[in-house]
Amino acid sequence: MRKNEEQYFNQLYTESYPLLKRYVFCKAAQNEAEDILQETYYHAYQNIHILIKHPNPMGWLMLTCKNIIYKHLQKNRKHSEYVVVGDCEDILQNVPTMDNYDSIYLEELKNILSDDEYFLLVKKYVEGYSVEELAKQLNITDGACKMRLKRAKKAARRKIGRFMLLLLFTFVEIGGMG
């Protein structure tokens, strides 16, 4: 691998890892998800000469990752530990604390969600506020706060699903996997 290809791969990995990780972890059990991520980046590494010239390398990675997930699903169909969900159900449920959080993902989330949705989800799942603390801060009842959080999570799942589809459709329109 040439030096420019190695640099490109490292940059692509750094930029794509937060999104790919969340996508895979909402589709597979943790132990399988890590294998899928490694296999995805192995394919990217092997095909870096294609990726470096590709008009949509992120789309290429997403499609490759999706295909690897389905390959693993078929291979492990009988003994599958996968929990496949149509729209990455509860993608925000196991968000790490702020000191471990990927700022790139936060920025993407901020671009996708309304200010109110973003505020609620970050305060609850990133900064670790309780429902009671949030309700008090917003001067609403605990029940109203729970409902707002529920709606915000639902909106996030819907919008993240659209974002993923947009990435894939953009990728397909440009020319697909090389």
Problem - Worked verdict on F119 versus L113 for side chain to side chain contact (heavy atoms under 4.5 Å, CB included) - result: CA-CA 9 Å; F119 173 82; L113 301 175; over 6 Å; no
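- One finds the CE atom of M62 at 10.5 Å from the CG atom of N56 (value rounded to the nearest 0.5 Å).
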Exercise for the section: Dump the intermediate steps for side chain to side chain contact (heavy atoms under 4.5 Å, CB included) on K150 and K146, then the final yes or no. Expected result: CA-CA 6 Å; K150 181 179 178 179; K146 287 178 185 176; over 6 Å; no
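- Between N4 and I52 the shortest side-chain heavy-atom distance falls below 4.5 Å.
- I140 is not connected to M147 by any chain of hydrophobic side-chain contacts under 4.5 Å among Ile, Leu, Val, Met, Phe, Trp and Tyr, and they are in different clusters.
- The NE2 atom of H49 sits 10.0 Å away from atom CZ of R2, with the distance rounded to the nearest 0.5 Å.
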Exercise for the section: Go through the steps for I68 and V24 under the test side chain to side chain contact (heavy atoms under 4.5 Å, CB included), then give the verdict. Expected result: CA-CA 10 Å; I68 292 169; V24 172; over 6 Å; no
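- For the atom pair OH (Y23) and OG (S16), the distance works out to 14.0 Å, reported to the nearest 0.5 Å.
- Under the 4.5 Å side-chain heavy-atom criterion for ILVMFWY residues, no single connected hydrophobic cluster contains both F9 and Y42.
- Counting heavy-atom neighbours within 6.0 Å of N139 CG, excluding the residue itself, gives a total of 12 or less.
- Within 6.0 Å of CG in D115 there are 12 or fewer heavy atoms belonging to other residues, nucleotides or ligands.
- Between atom CG of residue N10 and atom CD of residue Q7 there is a gap of 8.0 Å, rounded to the nearest 0.5 Å.
- Note that CG of L20 and CE of M58 are 6.0 Å apart. Values are rounded to the nearest 0.5 Å.
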Problem - CA sep, side-chain torsions, deciding dist, call: N67, T64, side chain to side chain contact (heavy atoms under 4.5 Å, CB included) - result: CA-CA 5 Å; N67 290 337; T64 300; 5.7 Å; no
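- Shortest non-hydrogen contact noted between T141 and A135 is O-CB, 3.7 Å.
- Here the NE2-CG distance, from H43 to L61, works out to 11.5 Å after rounding to the nearest 0.5 Å.
- Between Y129 and K124 the shortest heavy-atom distance is O-CD, 3.3 Å.
- When all heavy atoms are compared, the tightest approach of L12 to P57 is CD1-CB, 4.0 Å.
- Between L121 and A152, the closest heavy-atom pair is CD1-O, 3.7 Å.
- Considering only heavy atoms from C-beta on, L134 comes within 4.5 Å of Q137 through its side chain.
- Minimum heavy-atom separation, C145 to V131: SG-O, 3.7 Å.
- The closest donor-acceptor contact from the side chain of Y41 to the backbone of Y17 lies under 3.5 Å.
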